[in-house]
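Below, each value reflects all heavy atoms present in this structure, side chains not excepted, and no hydrogens, waters or symmetry copies. Naming: A, B, ... by sequence-line order, numbering from 1 per chain.
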There are 2 protein chains.
Amino acid sequence: MSPKRIPSETIDRLFLYMRGLTCLLREGTCTVSSKRLAEICRVNAAAVRKDLSYFGGFGTRGVGYDVKELMEHLHRILKYDDVTDVALVGVGNIGRALLTHSDFELEGFRIITAFDCDPDKIGTKVGGVTVEDMDHMVDRVRELGLDLVILAVPDSAAPKIAHTLEKAGVSSILSFSPCDLFMPHGIEVTCIDLSMEMARLLYHSRRGNEPAEEVGV
Amino acid sequence: MSPKRIPSETIDRLFLYMRGLTCLLREGTCTVSSKRLAEICRVNAAAVRKDLSYFGGFGTRGVGYDVKELMEHLHRILKYDDVTDVALVGVGNIGRALLTHSDFELEGFRIITAFDCDPDKIGTKVGGVTVEDMDHMVDRVRELGLDLVILAVPDSAAPKIAHTLEKAGVSSILSFSPCDLFMPHGIEVTCIDLSMEMARLLYHSRRGNEPAEEVGV
DNA sequence: TAGTGAATGTGAACACAATCACAAGGAGAG
DNA sequence: CTCTCCTTGTGATTGTGTTCACATTCACTA
């Protein structure tokens, strides 16, 4: 269908450009060159041009890219318009952070319901969403026809809930618990493992400070 | 110093292996083949072997890797032993999630202090750490000699605080707000942008469901 | 002690993405 | 209208990481 295969790295960077453009727009900038956008996103200027050119010539030679127009193109390419409904399981600290974050809808999804097993939380409203009883999760997810669920529960509880969700017909899970052997194989499970990310960052920041140490043993 | 350059992807994967091994250990598994570990971490088996071989032959031909022994090697390579002290700025939902997470120390760092500007929070204890007044941040960070700070404040407040921290001598910041033009250039700022990650995931999960649609325009 | 089966460790081939370098082309000045 | 400047868009090149395929080596058995 599309003439050339588009590298997955390109797609990932488009999200980055969108972020950068949002900042530029807030700042009142109307036009941006690939060089400037590259600086902001900390990538190579040629990469910016090549990435954008996969989708058509959005720029004007000698001038650059129109910020607003480019954002509209990316908006369409990244499907920020199709708002997808998702459910949240686990109204702990991370769950609450997600529920009270207001901009998700601008990026293409909406948390329409949340589940927890704590009786004190059930029935309360967090960020405009009423917390429902976890026991009703399967029925509700089926009823609402949800495809994607966000899992923000304690690590030990994650695999069991994930299996339940698989049975409920969910096709992908975004989990804040580490993926492990006990997670279901039939559906796509993506993990944001905060402690792994932190360990990674720390390792790299240490490397940065220790200029020339040997790496092996 | 080291004979061969080690790909950064290899380092990143080591953290993944560590995760997988932790699960195997919990499960009571003593020995694991590259094939099995690759399945768990969803990577190629040859990659597992090659990655590990950069650091020496940890396995036994015909048998596999000893789970416990391999974990010890990775532990040392990834420097999980050097516990680094870090500060947290912003005791909102994400901040609280980080403070109450208990396993960070096992992965090489420790949040030893937290700052917030809300008088109701100052002086309270969250996850064993007392919240201090943001006004004292610079002095305290200097006093404690901290190098890495975690920033979990509203997006709009992030740039200003980041600049303040730069002046306080901090060398890297992990921010949960999007990096933008207003962030300092002198220090390393890494961002975990939850909403960007979610948008990415959503895009990919949609792609997964729509097998053969064209990509362009 | 020799034979068998299994999984490692690794050179070579491949695939993919980053970068370079330049031709093409629009905008604005005079 | 033409000339110059500037930035895009893109073929070619380089660099890097992934994957393959197999020789090597170990444990176990009889």
Nearest heavy atom decides the nucleotide; on that basis, is Gly57(B) or Glu9(A) closer to the 5' end of DNA chain C?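 Its nearest nucleotide lies further toward 5', so the answer is Gly57(B).
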Between the opening five pairs and the closing five pairs of the helix from dT1(C)-dA30(D) to dG30(C)-dC1(D), how far apart are the helix axes, to 10°?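 Result, rounded to 10 degrees: 10°.
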Are Ser34(A) and dT7(D) close enough that a side-chain N or O sits under 4.0 Å from OP1 or OP2?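 For dT7(D), neither OP1 nor OP2 has a side-chain N or O of Ser34(A) closer than 4.0 Å.
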Does dA6(C) have its OP1 or OP2 closer than 4.0 Å to a side-chain nitrogen or oxygen of Tyr65(B)?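 No, no such contact exists.
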Write down the protein N/O and nucleotide N/O pairs, taken from nucleotides 23-30 of chain D, whose separation is under 3.5 Å; answer none if there are no such pairs.
residue, atom, partner, partner atom, Å
dT24(D), O2, Arg61(B), NH1, 2.6

Which is true for [X] with a 4.0 Å heavy-atom rule: it touches a base, it touches only sugar-phosphate, or it touches nothing?
X        : value
Arg13(A) : sugar-phosphate
Lys35(A) : nothing
Thr10(A) : nothing

Among dA12(C), dT8(C), dG17(D), the one nearest Ser33(B) by side-chain distance: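 Of all the options, the side chain of Ser33(B) is nearest to dT8(C).
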Pro7(B) side chain: which of dC20(D), dC16(C), dG17(D) is closest?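 Minimum distance to the Pro7(B) side chain belongs to dG17(D).
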Closest non-hydrogen atom pair, Thr29(B) against Thr31(B):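 Where Thr29(B) meets Thr31(B) most closely, the heavy atoms are CG2-O, 3.3 Å.
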Rounded to whole angstrom units, what separation is found between the [atom1] atom of [X] and the [atom2] atom of [N]?
X        : N       : atom1 : atom2 : value
Phe55(B) : dT10(C) : CZ    : C1'   : 16 Å
Lys50(B) : dC14(C) : NZ    : C1'   : 12 Å
Asp51(B) : dT8(C)  : CG    : P     : 13 Å

The test is side-chain hydrogen bond (donor to acceptor under 3.5 Å, both in side chains); show your working for Ser195(B) and Asp193(B) and say whether it passes. CA-CA 6 Å; Ser195(B) 53; Asp193(B) 182 336; 3.2 Å; yes
Would you check, one step at a time, whether the test side-chain hydrogen bond (donor to acceptor under 3.5 Å, both in side chains) holds for Asp51(A) with Thr10(A)? CA-CA 6 Å; Asp51(A) 288 343; Thr10(A) 289; 2.8 Å; yes
How are the rings of His75(A) and Tyr80(A) set to each other: parallel, tilted or perpendicular (split at 30° and 60°)?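 Ring orientation, 0 to 90° scale: perpendicular.
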